[in-house]
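All chains are named by letter (A, B, ...) in the order of the sequence lines, taking the proteins before the strands, and each is independently numbered beginning at 1.
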Number of protein chains: 2
Amino acid sequence: MDVSVDCVVFGFDDQKLKILLIEQRQPADGSTIKLQKALPGDLVKDNESLDEAARRVLLELTSLEGIYLKQFQAFGDPNRVRGLKDQEWLRSFRNNPERRVMTVGYYSLVKMEDFNPKAASFAGKAQWIDVYKVPLLAFDHNEIIDDALKMLRHELVADNIGFELLPDKFTLSQLQRLHEIILDKKLDKRNFRKNILKNERVTALNEKQKGVLHKPAQLFTFNKVEE
Amino acid sequence: MDVSVDCVVFGFDDQKLKILLIEQRQPADGSTIKLQKALPGDLVKDNESLDEAARRVLLELTSLEGIYLKQFQAFGDPNRVRGLKDQEWLRSFRNNPERRVMTVGYYSLVKMEDFNPKAASFAGKAQWIDVYKVPLLAFDHNEIIDDALKMLRHELVADNIGFELLPDKFTLSQLQRLHEIILDKKLDKRNFRKNILKNERVTALNEKQKGVLHKPAQLFTFNKVEE
DNA sequence: GCAAAAGTGTTTCCGATACACCCATGA
DNA sequence: TCATGGGTGTATCGGAAACACTTTTGC
């Protein structure tokens, strides 16, 4: 059996929660096949751990290192690669297109400002898609995204993980908007702030927003803490 | 790469939290190798999903169907099978002993009273071991158990999953003792009961304990609810 | 001075905690 | 009658939730 990793890469543009999808590549031989969008992923190499494979995929795709990445689920249905388009694509790109492949799902949080789009070796160009408007994807990738989103919601409240999606300097309103969009519900401003400040994951900077047409907000940064 | 599943099977004997371990089999050729204890597990077969493979392993081992089983983590370090004993064992039992194998960890909750020990096709006899006194096991199985236990603790409080370890009819004291042992801390009797009853996962039967030398306890059963 | 978002405290409510005595049974 | 665990209610505390007005900037 082959083993791959697939990465659900979340980003936040201050308005929408997005994920990074790639266009499948056209075959080099000039033939054309129906292409679909897909999650960035790749087969795990011989001497690579799962985590390393996921990190490599992410690096090839985004040129970013040291970003938040977490395994959340293995997907091993023998029929998970059953669509006609999927099989056609596999025949073009895999040495053993008939071989069964299971995948391990990772999700990742990137700061969109850091993201430098870069064509990955295994894919066409990458694009950010609103997570609530994802089209039909290759393989079982829609299911993988659904599960990743559940996990993200859970970790957001349990571990206050949201900082990873924001710029280094951010306002509490940005952070609140992020939480509201991920959780899909409105939060009370004062209570939200109390919570965030109590957790002490965040430090106020000697700096304010500039050039906004309202009272400029205090900027914060977050305290990276390894447990 | 080969893919296996390993099952961390939890049981509860009213005093201790235990897990089911197997003795690795001796080679059929009469040679002897150093055997270790291990988690029940097996390679995933060609047309089997991961969940199906885990369920099969469990069925072969316990003859039980329909028991609680949940995937919790994939383990894919290329060096996870590196011990000398491990390699010796693999050479005796695997067609491709050199091939890398990753495993998907499942944990399972069984009612010990239902358990009918049965030699599995791939193993010697199974035995219940106190989860807090597990010896050094084959492969990375100690690590897998540690992670499974963390998961169990988490799900116990989040999803009130403990019923799965108790007989069909149980007392609230049994349930409390189970929680105390898994979480490794004492709980207040009255508060515990309030919590359990409020959750409505449990129904009082018209039946009491018999033959105990104290006030007989009310028996309860739990409401199986699919979400 | 107006529009727009920032920032700020107090009260209320509910769930979590702490705590001690009587009860039913078998021996 | 005694030993053993079963069973029960209330008062307190603390965190979560609800809620509205003033401030600072750019135009």
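Shown for residues 155-167 of chain B: no residue has heavy atoms falling under 4.0 angstrom of DNA chain D.
A straight line from CZ of F192(A) to P of dG7(C) spans 13 Å, rounded to a whole angstrom. Regarding Q15(A), its CD atom lies at a distance of 13 Å from the C1' atom of dA5(C), rounded to whole Å. In this structure, CZ of R193(B) is placed 17 Å from C1' of dA18(C), rounded to the nearest angstrom. Rounded to a whole Å, the CZ atom of R177(A) is 13 Å from the C1' atom of dA4(C). As a whole-Å value, the separation of L175(B) CG from dG7(D) P is 13 Å. Rounded to an integer number of Å, the gap from I196(B) CD1 to dT8(D) C1' is 17 Å. Residue Q209(B) contributes atom CD, which lies 12 Å from atom C1' of dG7(D) at whole-angstrom precision. Summarising the geometry, the separation between NZ on K186(A) and P on dA5(C) is reported as 12 Å, rounded to the nearest angstrom.
The side chain of N195(A) approaches dA16(D) more closely than any other nucleotide in the set dA16(D), dG7(C), dG7(D).
Here Q218(A) lies in heavy-atom contact (under 4.0 Å) with sugar-phosphate atoms only.
No side-chain heavy atom of E65(B) sits under 4.5 Å from any side-chain heavy atom of R55(B).
Ring-plane geometry between H179(B) and F192(B) is classed as perpendicular, the angle between the planes exceeding 60 degrees on a 0 to 90 degree scale with a lower cut at 30. Ring planes of F170(B) and F163(B): tilted class, angle from 30 to 60°. The aromatic rings of F10(A) and Y107(A) stand perpendicular to each other, their planes meeting at an angle above 60°, with 30° marking the opposite boundary.
Rounded to the nearest 0.5 angstrom, L152(A) CG and S108(A) OG are separated by 10.5 Å.
Applying the side chain to side chain contact (heavy atoms under 4.5 Å, CB included) test to D146(B) and every residue at least two apart in sequence or in another chain returns nothing. For K169(B), the side chain to side chain donor-acceptor pair (under 3.5 Å) partners are E207(B), not counting sequence neighbours.
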Using a cutoff of under 3.5 Å, can you pull out all pairs of nitrogen or oxygen atoms linking the protein to nucleotides 25-27 of chain C, with atom names and distances?
none

Under 3.5 Å, N/O pairs linking protein and nucleotides 18-20 of chain D:
residue, atom, partner, partner atom, Å
dA18(D), N7, N191(A), ND2, 2.9
dA18(D), N6, N191(A), OD1, 3.2
dA18(D), N6, K194(A), NZ, 3.2
dC19(D), N3, R190(A), NH2, 3.2
dC19(D), N4, D188(A), OD2, 3.2
dC19(D), N4, R190(A), NE, 3.3
dA20(D), N1, R190(A), NH1, 3.2

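A side-chain donor-acceptor contact under 3.5 Å links N223(B) and T203(B). Donor-acceptor pairing under 3.5 Å is lacking for the side chains of Q71(B) and D51(B).
Phosphate contact (OP1/OP2 of dA5(C), side-chain N/O of S173(A), threshold under 4.0 Å): absent.
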Report all side-chain donor-acceptor pairs from residues 133-144 of chain A shorter than 3.5 Å, counting only partners two or more places apart or in another chain.
residue, atom, partner, partner atom, Å
D140(A), OD1, R80(A), NE, 3.3
D140(A), OD1, R80(A), NH2, 2.9
D140(A), OD2, R80(A), NE, 2.8
H141(A), ND1, L39(A), N, 2.9
N142(A), OD1, L137(A), N, 2.8
N142(A), ND2, P135(A), O, 2.9

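Applying the 6.0 Å contact sphere to NE2 of H214(B) captures more than 12 heavy atoms from other residues, nucleotides or ligands.
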